[in-house]
Amino acid sequence: MKLAIVGATGMVGRTMLEVINERNIDFDELHLVASASNRGKTLNFQGKEYSLITLEDAIKLDLDYALFSAGGQISTEWAPKFAQHNTVVIDNSSAWRMDENCPLVVPQINQNTVGENKIIANPNCSTIQMVLALSGLHKIYKIKRLVISTYQSVSGTGKDAVQQMEDERTKGVSSSMAYLYPIDQNCIPHCDVFLSNGYTKEEMKLVHETRKILNAPQIQITATAVRVPVVGGHSESINVEFENDFEMSDVRRILDETEGLVLIDNQEENQYPMPLFAKDKDDVMVGRLRRDESQPKALNMWVVADNLRKGAATNAVEILEGLLKK
């Protein structure tokens, strides 16, 4: 197998390499792709120095698979070009997620939607962890409505945001302003750009991507996305209303049996998911389960995951694993 990582020097790209190493993905050739300014520089992986190449270099290599994590603009331009060269692109940007010809995949839920597609979309980080927590429940009880509040870490924005928070913590100020306001000791209710309906693009990703992945366009969804001063790990407070009633014991059993999900929910021992526990883990963690006493057939839950792992890199590598098995 000839594999490329596009955006290999970024936070997600480097995490993809970590996951590939941990999962012993077998490849014949590995090519690390970065911007033209990094061409010729080296990156060490598995004890070997790899020279960074450009997209123009990579497209000539007759690659089998390419994992893209270099932003929507690059994916929009280059993914079709690679696909024309018979390369399967697994894209981590938002460029292809809502394209009706591209499957939007969380392997534990809908790997079967991948056919002969040459471009496969990796969902948004906050969407991935939420739908994994909800998919098993949806099969039984049918989701009617979701009210979501996210608490998203600065690593979801990128290296500049992490640097801004670290500078603010250590120096009081930062020259790297990834956000309009200080993020240290603050919460910013503004993830991505604002749209004409008053929601942000991040909030609407949760709406549209969830419906596509669960194949449930009828679900009513509203979301508020907030950036919080945490380095890694997204948290979500989710209120879910079902069509059918449920027993809490059955909810716990379904969640406990869901692949890739870890149930941490022990009030007596003060045990619940937190970003601190999710760091460098591939599992999605769920807890604080309780029936919504203000609304029939409704449930409250708290969902946490490492946004660079299952929220991005791990999910992409799991898609690749499914393709290799096929």
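Just so you know, these numbers come straight off a predicted model, no measurement behind them.
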Identified side-chain contact (heavy atoms from CB on, under 4.5 Å) partner of [X] from the options [options]:
X: T157; options: R227, M165, M11, Q164; answer: R227
X: E236; options: T150, V284, T127, V304; answer: T150
X: K297; options: D245, V240, N244; answer: D245

Quiz item: Heavy-atom count around E259 CD within 6.0 Å, excluding the residue itself: above 12?
Solution: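 Open: at most 12 neighbouring heavy atoms sit under 6.0 Å from CD of E259.
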Please answer whether the main-chain N or O of [Y] pairs with a side-chain N or O of [X] as donor and acceptor at a distance below 3.5 Å.
X: E203; Y: A225; result: yes
X: N110; Y: V106; result: yes
X: N38; Y: K41; result: no
X: S155; Y: V231; result: yes
X: S176; Y: D160; result: yes
X: K212; Y: E100; result: no
X: K2; Y: L30; result: no
X: H31; Y: A4; result: no
X: H234; Y: S153; result: yes
X: E168; Y: D184; result: yes

Measure the shortest side-chain to side-chain distance between [X] and [Y] over non-hydrogen atoms and say whether it is less than 4.5 angstrom.
X: L289; Y: L263; value: yes
X: R211; Y: I221; value: yes
X: R288; Y: M301; value: no
X: V114; Y: V105; value: yes

Exercise. Report the C-alpha separation of D192 and T200 in whole Å, then their side-chain angles, then the decisive distance to 0.1 Å, and conclude whether the side-chain hydrogen bond (donor to acceptor under 3.5 Å, both in side chains) test is met.
Key: CA-CA 6 Å; D192 214 320; T200 65; over 6 Å; no
Would you say [Y] ends up clustered with [X] if hydrophobic residues are merged whenever their side chains have heavy atoms under 4.5 Å apart, either directly or through other cluster members?
X: Y141; Y: I109; result: yes
X: L17; Y: V89; result: no
X: F82; Y: V88; result: no
X: Y272; Y: V262; result: yes
X: V303; Y: V147; result: no

What I want to check is whether the side chains of [X] and [Y] have a donor and an acceptor closer together than 3.5 Å.
X: E202; Y: Q152; value: yes
X: N239; Y: D292; value: yes
X: K118; Y: N86; value: yes

Can you tell me how far [atom2] of [Y] sits from [atom1] of [X], rounded to the nearest 0.5 angstrom?
X: C125; Y: K310; atom1: SG; atom2: NZ; value: 12.5 Å
X: I90; Y: N117; atom1: CD1; atom2: CG; value: 11.5 Å
X: I213; Y: M130; atom1: CD1; atom2: CE; value: 8.5 Å
X: N315; Y: L320; atom1: CG; atom2: CG; value: 11.5 Å
X: N44; Y: L32; atom1: CG; atom2: CG; value: 10.0 Å
X: M16; Y: N21; atom1: CE; atom2: CG; value: 15.0 Å

Exercise. Report yes or no: is the cationic atom of K48 (NZ for Lys, CZ for Arg) under 6.0 Å from the centre of the six-membered ring of F45, at an angle within 45° of the ring normal?
Key: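 Negative - K48 is either too far from the ring of F45 or too far off its axis.
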Practice problem: Given side-chain hydrogen bond (donor to acceptor under 3.5 Å, both in side chains), test T222 with Y199 step by step and report yes or no. | Solution: CA-CA 9 Å; T222 187; Y199 287 79; 2.9 Å; yes
Restricting to non-hydrogen atoms, name the atom on [X] and the atom on [Y] that form the minimum distance, rounded to 0.1 Å.
X: P273; Y: M285; result: CB-CB, 3.7 Å
X: A36; Y: T54; result: CA-CG2, 3.9 Å
X: T42; Y: S51; result: CG2-OG, 4.1 Å
X: H190; Y: V193; result: NE2-CA, 4.4 Å
X: T314; Y: R23; result: CG2-NH2, 3.6 Å
X: S94; Y: K205; result: CB-CE, 4.1 Å

Let me check something: any side-chain donor-acceptor pairs from residues 246-256 under 3.5 Å, sequence neighbours excluded? List them with distances.
{"from": "R252", "atom 1": "NH1", "to": "D265", "atom 2": "OD2", "distance (Å)": "2.4"}
{"from": "R252", "atom 1": "NH2", "to": "D265", "atom 2": "OD2", "distance (Å)": "3.1"}

Quiz item: Between K81 and E77, does at least one N-O distance fall below 4.0 Å, as a salt bridge requires?
Solution: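 Between E77 and K81 there is a salt bridge, with a charged N closer than 4.0 Å to a carboxylate O.
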Exercise. Indicate yes or no: does K279 engage D306 in a salt bridge with an N to O separation below 4.0 Å.
Key: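 Salt bridge: no.
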Practice problem: On the 0 to 90° scale, with breaks at 30° and 60°, tag the W302-Y151 ring pair as parallel, tilted or perpendicular. | Solution: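 Judged by the thresholds at 30° and 60°, the geometry between W302 and Y151 is tilted.
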